[in-house]
Amino acid sequence: MSRPERGPGRWRPALDRPALVALLLGVAGVVYRLVLTLLTLPTSNSDEATFGLAALHIATGNERPVFLYGQRYMGMLESYLAAPLVGWGGASWPLLRLPLLALYAVFLWLAYRLTRRLFSPWLATFVVGLLALGSERVVRDQLTAVGGRPEVKPAVLAMVLIAVALGERRVRHRWLATGLFGLLAGVALWSDWLIVPYLAVAGLLLLWAAPRDLVGWPGVLLVVGFVLGVAPMVKDNLVAPDGQDSLSVFREISTKDGATPSLAERLHGGLLEGVPLASGLCPMDGCARWAQWFGLLYPVLLLAAAGLGLVAFRRASDPAARTRAVAVLALVAGAALTLLAYVRSPLAATDPLGNSRYLSVLQISLPAVLWPLWRAAAHAVRATAGGAVRLAGALAGLVLAVLVAATLAGTVAFVADAPSLRAEERSARELADAVRRVGLHEVYADYWTCNRLIFNTGEAVVCGVLDGNLTPGQNRYPAYWTRVGRAARPGYVVAAGSSSERGLRRLLGDRADAAVVAEAGGYRVYHPDAAVRPWR
């Protein structure tokens with residue numbers, strides 16, 4: 001990546017050309033996301049606000065949550081990372097997201113290092129360039145605090161790099177490396193169970209690359225590191241009521257009642273919609289038919305990469321080369337297992353747009369997926385290449401160019417939509433200001449309004465969740481519901497013209513118009529002269 005250069009009285013590392021270009025592209029990607037972070041783009045929502053509220057509670061020392069409020073399988077590492085910032089600066093979306101921006105920068109750096117180690121310098125630069133771009137779907141998975149994905153991706157890349165370095169005998173303190181491997185695996189498992197396929201293949205890679213380091217003190221430290229990383233989850237599950245442990249809750253979510261979609265529907269939602277969306281080729285509202293080509297090509301590229309990895313393993317003349325080949329196969333297997341698990345789930349068919357975020361971890365395997373295309377294009381420019389090789393290389397180069405163009409188009413579409421997204425974010429802030437201005441401190445609202453409203457007011461206003469029928473909804477944090485329930489005259493924040501507003505006005509009768517105290521952001525704020533709680 002770099003070589004030292006000595007000058008009169010100083011020493012500095014000199015980047016080679018691929019590293020320099022990758023650095024410039026990486027800086028551009030980080031700056032792009034920094035601007036988005038400062039503008040609160042993508043827009044916030046109540047799920048992210050829940051992580052922000054947990055960060056506030058952690059900062060004040062009131063709580064030490066293990067899992068996201070209201071569920072027992074999504075780790076709260078992002079809240080702990082943001083706690084010092086929101087504790088210092090108060091409730092702020094940019095402060096909540098800044099740690100995720102740092103994780104993205106680490107992910108870029110590790111992706112470059114791993115791609116350069118396993119494949120080639122210029123492919124590493126190309127990968128950084130693609131990862132520097134970002135449609136709304138991609139950036140939302142990278143910059144919004146909704147749990148798991150921003151931290152587990154760099155963790156897995158670091159684990160693979162550690163295993164490769166151990167296999168190549170490039171590590172001096174091998175016991176420290178194995179301990180770090182275990183710690184990263186434990187933290188990743190606590191953060192997001194969706195990363196299990198990648199953790200499994202990374203563990204098998206370590207077993208292949210450094211079997212002797214799994215015995216003795218290095219092996220002990222591996223286990224100790226893993227136990228430390230996963231300890232919060234283990235402790236919480238030991239005291240969880242029957243049926244509320246992480247495995248039971250996760251199994252319940254994965255096996256919802258209802259008709260099971262057909263295999264064709266799941267493949268369509270998982271491959272043709274999910275993969276292009278997660279890769280940044282489509283806007284949030286879905287993929288055009290022309291953009292679905294990458295979903296069809298993706299499994300073909302995985303098979304081609306697996307074949308190249310097997311050939312590289314057979315031809316390897318030393319343990320280091322074999323370790324690198326096995327690492328490539330691990331990346332392929334991680335992507336294949338993740339994709340297989342996704343298309344087996346009914347969620348792939350029932351809501352491919354909303355659930356494509358679960359495929360964002362496929363970015364870990366992007367270098368392996370692009371490797372067949374990169375090799376074909378590289379072979380075609382050789383002077384000794386035949387006509388068939390040149391044709392195949394030209395097609396591979398065209399595919400890479402189309403991939404770049406589609407990713408760039410997705411990024412441009414997101415940037416072009418920024419004004420409308422900013423307007424939506426301003427509306428949420430105006431609503432919070434309106435509620436505070438009329439002196440309300442306890443209100444009822446729908447799920448996607450409540451926690452966002454609480455965070456925007458820094459908990460000056462608390463909110464209880466009601467559904468469209470004005471009955472109790474998904475209240476992730478019971479203390480808020482209890483406080484609103486004790487209020488003598490709670491307010492009501494309802495979307496103008498919604499079923500909730502119509503139901504509230506029927507209950508208020510002739511007092512409805514007099515109860516309206518504010519309108520903002522497409523919502524009306526009601527403050528009746530007496531509490532309205534029809535569920536009681």
Excluding sequence neighbours, so at least two apart, what forms side-chain hydrogen bond (donor to acceptor under 3.5 Å, both in side chains) with [X]?
X    : value
Y298 : none
D318 : none
Y358 : none

Just say parallel, tilted or perpendicular for the rings of F414 and Y32, cut-offs at 30° and 60°.
->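 Aromatic pair F414/Y32 classed perpendicular.
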
Mind checking whether [X] and [Y] have side chains closer than 4.5 Å, heavy atoms only?
X    : Y    : value
V21  : L24  : no
E459 : Y480 : yes
L199 : W193 : no
N451 : Y69  : no
R64  : H57  : no
I195 : I364 : yes
L114 : L118 : yes
W371 : L366 : no

Compute whether any side-chain donor of one residue and acceptor of the other, for T178 and D213, lie under 3.5 angstrom apart.
->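 Their side chains do not contain a donor-acceptor pair, so the 3.5 Å distance test is not met.
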
Return the set of residues passing side chain to side chain contact (heavy atoms under 4.5 Å, CB included) with T115 (not counting sequence neighbours), or none when no residue passes.
->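 For T115, the residues satisfying side chain to side chain contact (heavy atoms under 4.5 Å, CB included) (neighbours in sequence not counted) are F119, L123, A124, V127, P367.
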
Do the side chain of [X] and the main chain of [Y] share a donor and acceptor less than 3.5 angstrom apart?
X    : Y    : value
N355 : A348 : no
N475 : Y477 : no
S279 : L281 : no
R137 : M284 : no
E151 : G148 : yes
T50  : S46  : yes
S365 : L331 : yes
E63  : I58  : no
E78  : G147 : yes
T125 : P121 : yes

Minimal non-hydrogen separation, [X] against [Y], with atom names:
X    : Y    : result
A177 : L166 : CB-CD2, 4.2 Å
T323 : V164 : CG2-CA, 3.9 Å
S79  : F51  : OG-O, 2.8 Å
S135 : T411 : N-OG1, 4.0 Å
A155 : L184 : O-CD1, 4.0 Å
S356 : A278 : O-CB, 3.8 Å

Take atom CZ of R169 as the centre, draw a 6.0 Å sphere, and report whether it contains more than 12 heavy atoms from other residues, nucleotides or ligands.
->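 Not more than 12 within 6.0 Å, no.
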
Please indicate whether R170 has more than 12 foreign heavy atoms, meaning atoms of other residues, nucleotides or ligands, lying under 6.0 Å from its CZ.
->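 Count over threshold, so yes.
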
Given V152, which of L77, V187, D192, L157 fulfils the side chain to side chain contact (heavy atoms under 4.5 Å, CB included) condition?
->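 Only match with V152 under side chain to side chain contact (heavy atoms under 4.5 Å, CB included): D192.
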
Starting from the C-alpha separation in whole Å, work towards a yes-or-no answer on side-chain contact (heavy atoms from CB on, under 4.5 Å) for E48 and L143.
-> CA-CA 10 Å; E48 185 178 16; L143 292 186; over 6 Å; no

[atom1] of [X] to [atom2] of [Y]: how many Å apart, nearest 0.5 Å?
X    : Y    : atom1 : atom2 : answer
S360 : L194 : OG    : CG    : 8.5 Å
L263 : H268 : CG    : NE2   : 13.0 Å
L271 : Y342 : CG    : OH    : 10.0 Å
D47  : T144 : CG    : OG1   : 9.5 Å
M74  : L68  : CE    : CG    : 7.0 Å
Q142 : L36  : CD    : CG    : 10.0 Å

Salt-bridged, D141 to R149, with N to O below 4.0 Å?
->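 Yes, D141 and R149 are salt-bridged.
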
Measure from the ring center of W190 to the ring center of Y73 and say whether it is less than 6.0 Å.
->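 That pair fails the under 6.0 Å test.
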
Go through the steps to decide whether F126 and V404 satisfy the test side-chain contact (heavy atoms from CB on, under 4.5 Å), and finish with yes or no.
-> CA-CA 9 Å; F126 186 82; V404 172; 3.5 Å; yes

Using distance only, find each side-chain donor-acceptor pair of residues 228-237 under 3.5 Å and give its atom names and separation, not counting sequence neighbours.
| unit_1 | atom_1 | unit_2 | atom_2 | d |
| --- | --- | --- | --- | --- |
| D236 | OD1 | R72 | NH2 | 3.4 |
| D236 | OD2 | R72 | NE | 3.2 |
| D236 | OD2 | R72 | NH2 | 3.0 |
| N237 | OD1 | S246 | N | 2.6 |
| N237 | OD1 | S246 | OG | 3.3 |
| N237 | ND2 | M233 | O | 2.7 |
| N237 | ND2 | S246 | OG | 3.0 |

Residues V326, F313; criterion side-chain contact (heavy atoms from CB on, under 4.5 Å); working and verdict = CA-CA 7 Å; V326 174; F313 180 82; 3.9 Å; yes

After noting the C-alpha distance and the side-chain angles of L370 and L130, does the key distance pass the side-chain contact (heavy atoms from CB on, under 4.5 Å) rule?
-> CA-CA 11 Å; L370 298 181; L130 272 183; 3.8 Å; yes

Which pairs of donor and acceptor atoms, one on a side chain in residues 98-108, lie under 3.5 Å apart (sequence neighbours left out)?
| unit_1 | atom_1 | unit_2 | atom_2 | d |
| --- | --- | --- | --- | --- |
| Y104 | OH | R33 | NH1 | 3.1 |
| Y104 | OH | L131 | O | 2.9 |

